[in-house]
Participant: 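Got a structure for you, written out below as structure tokens; questions coming shortly.
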Amino acid sequence: MKKRIGLVGFGGMGKQHIKRIKDSQYTEIAAIFDTDSNKDYSTIAPQIKIVETLADLLKDPTIDIILIATPNETHKDISIQALQAGKHVISEKPVTLNTLELKEILAAAEKYDRKFTVHQNRRWDENYLITKKLLEEKKLGELLYVENRVQGSRGIPNDWRRNKEQGGGMLLDWGVHLIDRILFLFPNQKIISIHATLNYFLGHEVDDGFKIELTFDSLKKAYLEVGTTNFIELPEWYTVGSIGTAVIEDFELNGKYVTLTGELAKEAVPVETGAGLTKTMAPRNDDSIESFPLPSVKSNVVEFYDNFALAIAGKAETLIKKEELLRLTTIIDACFESARKNQTIQFEKGL
Ligand code: NAD
């Protein structure tokens, strides 16, 4: 039997969950609660109940999972109430506004012996998975550094995302996704330092973009960037390995990778570039490199819901784990601290 979900929040993301869960093998939406009583539910399937209070969802014994898709500052309280009521919980990202809040939720999950996870859905993005595949298959040699960015030109949406106390801003929005998944490109490596700068170009009380540098104990690096004032976007992914480089321009997966076929440090003839002369930067026009199309990957984010249902049934491990969430919120806390102090945050024992 499918696990029955009570959805809290019928906004942009709530509707997306409903759409995706239609394809889920092991979960279904049973009921919805939203504080806004003027919502139009006319497109919702008749078997989905609309309830008037959160308590109505929590006391419904047929509901197994509470799925939280409300503004960021509400995730903690709704999660704890749901766990206390004996429900398993999926929270939207960012799980909480800081690590202390996450620890409160995890303590409740432990106390009431319920499962808790977070919708880190962008682990299923194809452009990320292509980068991961190239690295796992060593197509670029050893990873040296990777840049991942997302840029738009529309500013921050004019809703709760502009309010600090509601957990607005781009670090808690896209930042959470970018940090979460980049860590899997550096397996078994610890972060030794974090430097973050937040941008306030648009004059809101929250950041409208950021740049983050993560340095790992291997001295390899990840550079993460989000911008909302960019009418020309830089590549989403730019990955530099010891014998190759990959670029993925956009969500349409335009891009390529180039690898060495000849010698790495082949002696180059100095060339005139601009007003100067260089050997170091001489282009490789000697057939010592080859260019390839990006590999294709298959991905289906519906796996996220099915995995959680299987985890509840004791048949799988939750894909998004609590240790990963704690590491993620600790990094985000450090990014805020780094930006506030304009300092690099060091982790002597590694994070
Ligand atoms: P939204 O403003 O479109 O919708 C939020 C809804 O929650 C609204 O309908 C509002 O009336 C309702 N609401 C507010 N407080 C409530 C409460 N206490 N109880 C019940 N309902 C309440 O926002 P959104 O874009 O849907 O974002 C919701 C959450 O989803 C946020 O945490 C956001 O970060 C996350 N999100 C995730 C992704 C993703 O890809 N994972 C994408 C977009 C948004």
Side-chain angles (χ1 to χ4, degrees), residues 5-21 29 31-44 48-58 60 63 66-82 85 87 89-98 101-102 105 116-128 150 152 154-181 206-207 226 228 251 299-305 308 319-320 324-325 328-329 332:
I5 295 180
L7 173 66
V8 186
F10 184 64
M13 196 59 216
K15 288 174 190 158
Q16 184 76 357
H17 283 298
I18 294 171
K19 190 169 142 204
R20 289 190 179 153
I21 288 170
I29 302 276
I32 304 174
F33 165 61
D34 194 294
T35 42
D36 178 355
S37 52
N38 293 320
K39 290 273 166 183
D40 174 6
Y41 294 105
S42 58
T43 56
I44 296 305
I48 299 179
K49 252 193 325 185
I50 309 299
V51 303
E52 284 180 6
T53 65
L54 178 61
D56 291 337
L57 275 191
L58 300 186
D60 182 340
I63 289 180
I66 295 295
L67 168 53
I68 304 169
T70 53
N72 299 344
E73 88 287 8
T74 63
H75 297 171
K76 185 191 94 173
D77 285 351
I78 301 173
S79 295
I80 292 176
Q81 284 185 60
K87 307 299 185 193
V89 173
I90 300 173
S91 169
E92 256 310 333
K93 48 52 64 175
V95 53
T96 49
L97 305 192
N98 56 56
E101 290 187 357
L102 172 60
I105 299 179
F116 176 79
T117 198
V118 177
H119 188 229
Q120 293 296 153
N121 52 319
R122 289 199 176 273
R123 289 190 196 177
W124 279 263
D125 274 358
E126 286 171 331
N127 54 24
Y128 158 67
V150 187
R154 297 173 188 278
I156 308 179
N158 191 5
D159 56 21
W160 55 267
R161 285 174 177 78
R162 289 190 187 176
N163 302 337
K164 194 172 165 63
E165 64 184 26
Q166 293 196 277
M170 285 298 118
L171 180 54
L172 285 174
D173 193 340
W174 272 94
V176 171
H177 289 301
L178 267 51
I179 295 168
D180 172 61
R181 63 191 183 182
V206 296
D207 67 285
V226 165
T228 53
F251 281 113
S299 156
N300 185 358
V301 71
V302 175
E303 195 188 347
F304 168 81
Y305 310 98
F308 194 58
L319 286 172
I320 284 90
E324 294 165 359
L325 295 170
L328 174 60
T329 57
I332 289 172

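As the structure lists them, so they are numbered: ligands from 1, and atoms in each ligand from 1.
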Participant: When only distance counts, is Val8 in polar contact with ligand 1, meaning an N/O pair under 3.5 Å?
Facilitator: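 In fact, backbone or side chain, Val8 has no N or O that close.
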Participant: Taking 4.0 angstrom as the limit and counting only heavy atoms of His75, give me the atoms of ligand 1 inside it, by number and element.
Facilitator: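 Checking each atom against His75, I get 32 (O).
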Participant: Looking only at the side chains, is there a donor atom on one of His75 and Glu101 sitting less than 3.5 Å from an acceptor on the other?
Facilitator: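 On atom types as modelled, these side chains do not qualify, holding no pair under 3.5 Å.
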Participant: Report yes or no: does Lys39 have a heavy atom closer than 4.0 Å to ligand 1?
Facilitator: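 Per 4.0 Å heavy-atom rule, Lys39 contacts ligand 1.
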Participant: Is it true that Arg122 and Asp180 have a side-chain N and a carboxylate O under 4.0 angstrom from each other?
Facilitator: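 Looking at Asp180 together with Arg122, the answer is no, because their closest N to O distance does not fall below 4.0 Å.
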Participant: With a 4.0 Å cut-off on heavy atoms, does Asn121 reach ligand 1?
Facilitator: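 Asn121 counts as a contact of ligand 1 under the 4.0 Å cut-off.
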Participant: Check if Gln120 has a non-hydrogen atom at a distance under 4.0 Å from any atom of ligand 1.
Facilitator: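 No, Gln120 has no heavy atoms under 4.0 Å from ligand 1.
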Participant: Less than 4.5 Å apart, any side-chain heavy atom of Asp173 and any of Asn72?
Facilitator: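 No; the side chains remain at least 4.5 Å from each other.
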Participant: Quick check: Asp173 and ligand 1, any N/O pair under 3.5 Å apart?
Facilitator: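 Such a contact does not occur with ligand 1.
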Participant: Could you find the nearest protein heavy atom to atom 26 (O) of ligand 1 and give me its residue, atom name and distance?
Facilitator: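 The protein heavy atom lying closest is Met13 N, 2.7 Å.
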Participant: Keeping Asp56 on the side-chain end and Thr53 on the backbone end, is there a donor-acceptor pair under 3.5 Å?
Facilitator: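 At least one qualifying donor-acceptor pair exists.
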Participant: Quick one: does Gly12 get an N or O within less than 3.5 Å of an N or O on ligand 1?
Facilitator: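 N/O-N/O distance below 3.5 Å exists for this pair.
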Participant: Do you know which two heavy atoms are closest between Ala31 and Val51, and how far apart they sit?
Facilitator: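 Answer, listing the atom of Ala31 first, then Val51: CB-CG1, 4.4 Å.
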Participant: For Lys15, is the nearest heavy atom under 4.0 Å from an atom of ligand 1?
Facilitator: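 Flag not set, Lys15 not near ligand 1.
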Participant: When you compare ligand 1 with Thr74, is there at least one nitrogen or oxygen pair between them that comes in under 3.5 angstrom?
Facilitator: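 Thr74 vs ligand 1: no N/O contact under 3.5 Å.
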Participant: What are the two closest non-hydrogen atoms of Asp40 and Phe10, and how far apart are they?
Facilitator: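 For Asp40 versus Phe10, the nearest heavy atoms are O-CE2, 3.5 Å.
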Participant: For ligand 1, note which part of Lys93 has a heavy atom under 4.0 Å away: side chain, backbone, both or neither.
Facilitator: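 Contact part for Lys93 vs ligand 1: both backbone and side chain.
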Participant: So which protein heavy atom does atom 15 (N) of ligand 1 come closest to, and at what separation?
Facilitator: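 Here the nearest protein heavy atom works out to Thr35 OG1, 3.6 Å.
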Participant: Going by the order shown, which atoms of ligand 1 are within less than 4.0 Å of some heavy atom of His177?
Facilitator: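 Within the 4.0 Å cut-off of His177, ligand 1 contributes 39 (C), 40 (O), 41 (N).
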Participant: Using a strict 4.0 Å cut-off to heavy atoms of Phe33, name the atoms of ligand 1 that fall inside it.
Facilitator: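 Ligand 1 atoms under the 4.0 Å threshold to Phe33: 19 (N), 20 (C).
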Participant: Under 4.0 Å, heavy atoms only, figure out whether ligand 1 is touched by the backbone of Phe10, its side chain, both or neither.
Facilitator: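 Under 4.0 Å from ligand 1, Phe10 contributes backbone atoms alone.
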Participant: Just need the protein heavy atom nearest to atom 2 (O) of ligand 1, so name the residue and atom and give the distance.
Facilitator: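 Here the closest protein heavy atom is Trp160 NE1, 2.9 Å.
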Participant: Which is closest to atom 5 (C) of ligand 1 in terms of heavy atoms, Ala69, Pro94, Gly168, Ser37?
Facilitator: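 Checking each option, the heavy atom nearest atom 5 (C) of ligand 1 is found in Ala69.
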Participant: For ligand 1, is there an atom lying under 4.0 Å from some heavy atom of Asp34?
Facilitator: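 Flag set, Asp34 near ligand 1.
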Participant: Answer yes or no: is there a donor N or O on one side and an acceptor on the other, between the side chain of Asn163 and the main chain of Glu165, under 3.5 Å?
Facilitator: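 No, Asn163 side chain to Glu165 backbone: no donor-acceptor pair under 3.5 Å.
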Participant: Any idea which part of Glu92 is under 4.0 Å from ligand 1, heavy-atom wise: side chain, backbone, both or neither?
Facilitator: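 The answer is the side chain of Glu92.
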Participant: Suppose I only count heavy atoms of Asp36 and a 4.0 Å limit; which atoms of ligand 1 are within that range?
Facilitator: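 Ligand 1 atoms under the 4.0 Å threshold to Asp36: 11 (O).
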Participant: Check for a donor-acceptor pair, side chain of Lys93 on one end and backbone N or O of His177 on the other, with a separation under 3.5 Å.
Facilitator: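 No; zero donor-acceptor contacts below 3.5 Å.
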Participant: Taking all non-hydrogen atoms of both residues into account, name the closest pair between Leu328 and Ile179 and its distance.
Facilitator: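 Smallest heavy-atom distance, with atoms named: CD1-CG2, 3.6 Å.
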Participant: Which atom names give the shortest non-hydrogen contact between Trp124 and Ser299, and what distance separates them?
Facilitator: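 Looking at all heavy atoms of both residues, the shortest contact is O-OG, 2.5 Å.
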Participant: In terms of atom number and element, which parts of ligand 1 are under 4.0 angstrom from non-hydrogen atoms of Arg161?
Facilitator: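 Heavy-atom distances to Arg161 below 4.0 Å select 24 (P), 25 (O), 27 (O), 43 (C), 44 (C).
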Participant: I need the minimum non-hydrogen distance between Leu7 and Ala69, along with the two atoms involved.
Facilitator: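 Closest approach of Leu7 to Ala69, heavy atoms only: CD1-CB, 4.2 Å.
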Participant: Might you point out which heavy atoms bring Val118 and Ile320 nearest each other, and give the distance in Å?
Facilitator: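 Between these two residues, the closest heavy atoms are O-CG2, 3.7 Å.
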Participant: Any idea which protein heavy atom is nearest atom 14 (C) of ligand 1, and the distance to it?
Facilitator: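 The closest heavy atom on the protein side is Pro71 CD, 3.3 Å.
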Participant: Any N or O of Arg122 that comes nearer than 3.5 Å to an N or O of ligand 1?
Facilitator: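 No, Arg122 has no N/O under 3.5 Å of an N/O on ligand 1.
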Participant: Looking at Asp125 and Asn127, would you say the former's side chain and the latter's main chain have a donor-acceptor pair under 3.5 Å?
Facilitator: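 No; zero donor-acceptor contacts below 3.5 Å.
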